[in-house]
Asker: 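Handing you this structure, nothing more for now.
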Amino acid sequence: MRIWVNGELRDAEDAMVSVLDHGLTVGDGIFETVRTVDGRPFALTRHLGRLTRSARGLGLPDPDLDEVRRACADVIDANPMALGRLRITYTGGLSPLGSDRGKAGPGLVVALGEAARRPDTTAVITVPWTRNERSALAGLKTTSYAENVVALARAHEHGASEALFANTAGQLCEGTGSNVFVVLDGQLHTPPVASGCLAGITRALAVEWTGAQETELPFDVLERAEEIFLTSTLRDVQAVHRVDGRELPGGPGPVTAKAMRIFDERAGDDLDP
Ligand SMILES: Cc1ncc(COP(=O)(O)O)c(C=O)c1O
């Protein structure tokens, strides 16, 4: 495994960042996860756009996107694999202990790991913890992900692969690493970005390609939705066959099946939509 660290490719054993990096000490960093198929990244331009938006949201300097693209290409070339998870991490860099950021400048790491094709359907749970739609970090893809670590572990304890959050207003928001869509009266809806969810790249493509509406939805919509699906970079469109104790059409249902088909077709036609 060869990893890009601050300007060069290194073997995994030598790919080091300082223990005083602000990403490690206080979670002051941002990231992107990009799917690669046979050595080609999917939707890289959209991911790099979000990387810049996240950097601005944290007050980090804009990443040099030519450098990030070069790093991605070098890492992909150095680690051939069929299906990969390309991870771009950009951190606050060397800093004093505490929340003030240092002046050394940001750090950039790009790594690639093998990914497995996701099952077509999955189980999810709801969790009592909330997303804060008024947080300074709302909508930013930061490395401060420990809340997701806790919620995802809870999901696994219950035989599920994802945990869904409400926001502080009691509206449906998102999963630990995915966006959520529901079917009501045959119509497809997903929470708006104002709910505090991440503006998922897969979510945006699914909205464009299926005509799903962005709608504020109460959290208990999960108790009556006819169908539910998740979207994320590594899930694409994935049907939900169980929410907490409630079984859903796992087949998947007709609206979900159509969204999966459209997504597969369109994503196959254009690698950088
Ligand atoms: C909190 C959160 N929501 C949603 C998503 C889905 O976004 P994307 O489709 O860009 O992978 C992610 C990404 O993994 C995420 O971390």
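Note that ligands are numbered from 1 as they come in the structure, with each ligand's atoms numbered from 1 the same way. In this chain, residues are counted from 1 in sequence order.
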Asker: What part of Ser178 sits under 4.0 Å from ligand 1 if we count only heavy atoms: the side chain, the backbone, both or neither?
Answerer: backbone

Asker: Testing Lys141, Arg87, Arg50 one by one against Glu32 for a salt bridge (charged side-chain N to carboxylate O under 4.0 Å, His left out), which residue passes?
Answerer: Arg50

Asker: Under 3.5 Å, N or O to N or O, is Arg203 touching ligand 1 that way?
Answerer: no

Asker: Any atoms of ligand 1 less than 4.0 Å from a non-hydrogen atom of Gly200? List them with their elements.
Answerer: 7 (O), 8 (P), 9 (O), 10 (O)

Asker: Between Ile201 and ligand 1, is there a nitrogen or oxygen pair with a distance under 3.5 Å?
Answerer: yes

Asker: Who gets closest to atom 1 (C) of ligand 1 by heavy atom: Phe31, Phe165, Tyr145?
Answerer: Tyr145

Asker: Determine the minimum heavy-atom distance between Val34 and His47, stating which atoms define it.
Answerer: CG2-CG, 3.7 Å

Asker: Is there a donor-acceptor pair under 3.5 Å between the side chain of Ser144 and the backbone N or O of Gly27?
Answerer: yes

Asker: Using a 3.5 Å distance criterion without hydrogens, assess whether the side chain of Gln171 forms a donor-acceptor pair with backbone atoms of Pro191.
Answerer: no

Asker: Please work out whether any backbone atom (N, CA, C, O) or any side-chain heavy atom from C-beta onward of Arg235 is under 4.0 Å from ligand 1, and answer side chain, backbone, both or neither.
Answerer: neither

Asker: Just by modelled atom types, is the Ala206 backbone N or O under 3.5 Å from a matching donor or acceptor in the Thr210 side chain?
Answerer: yes

Asker: Do Met81 and Leu112 come close enough that some side-chain heavy atom pair is under 4.5 Å?
Answerer: yes

Asker: Give the minimum heavy-atom separation between Asp120 and Gln238, together with the two atoms involved.
Answerer: O-CG, 3.6 Å

Asker: How long is the span from the OG1 atom in Thr126 to the CG atom in Asp220, to the nearest 0.5 Å?
Answerer: 10.5 Å

Asker: Check Ala160 against Ala123 and note the closest heavy-atom contact, atom names and distance.
Answerer: CB-O, 3.3 Å

Asker: Identify the closest protein heavy atom to atom 6 (C) of ligand 1: which residue and atom is it, and at what distance?
Answerer: Asn179 OD1, 3.6 Å

Asker: Please state which protein non-hydrogen atom is closest to atom 11 (O) of ligand 1 and give its distance, to 0.1 Å?
Answerer: Thr233 OG1, 2.6 Å

Asker: If you count the atoms of ligand 1 from 1 in the order shown, which ones are under 4.0 Å from a heavy atom of Gly175?
Answerer: 1 (C)

Asker: Numbering the atoms of ligand 1 from 1, which are under 4.0 Å from a heavy atom of Arg131?
Answerer: 1 (C)

Asker: Quick check: Phe263 with Trp209 (ring centres under 6.0 Å apart)?
Answerer: yes

Asker: If we only count N/O pairs under 3.5 Å, is Arg50 in contact with ligand 1?
Answerer: yes

Asker: Looking only at distances, can you tell me whether any N or O atom of Thr231, backbone or side chain, sits closer than 3.5 Å to an N or O atom of ligand 1?
Answerer: no

Asker: Give me the residue, atom name and distance of the protein heavy atom closest to atom 9 (O) of ligand 1.
Answerer: Thr202 OG1, 2.5 Å

Asker: Heavy atom under 4.0 Å from ligand 1: found in Thr176's side chain, backbone, both, or neither?
Answerer: backbone

Asker: Given Glu174, Lys141, His47, identify the one with the heavy atom nearest to atom 13 (C) of ligand 1.
Answerer: Lys141

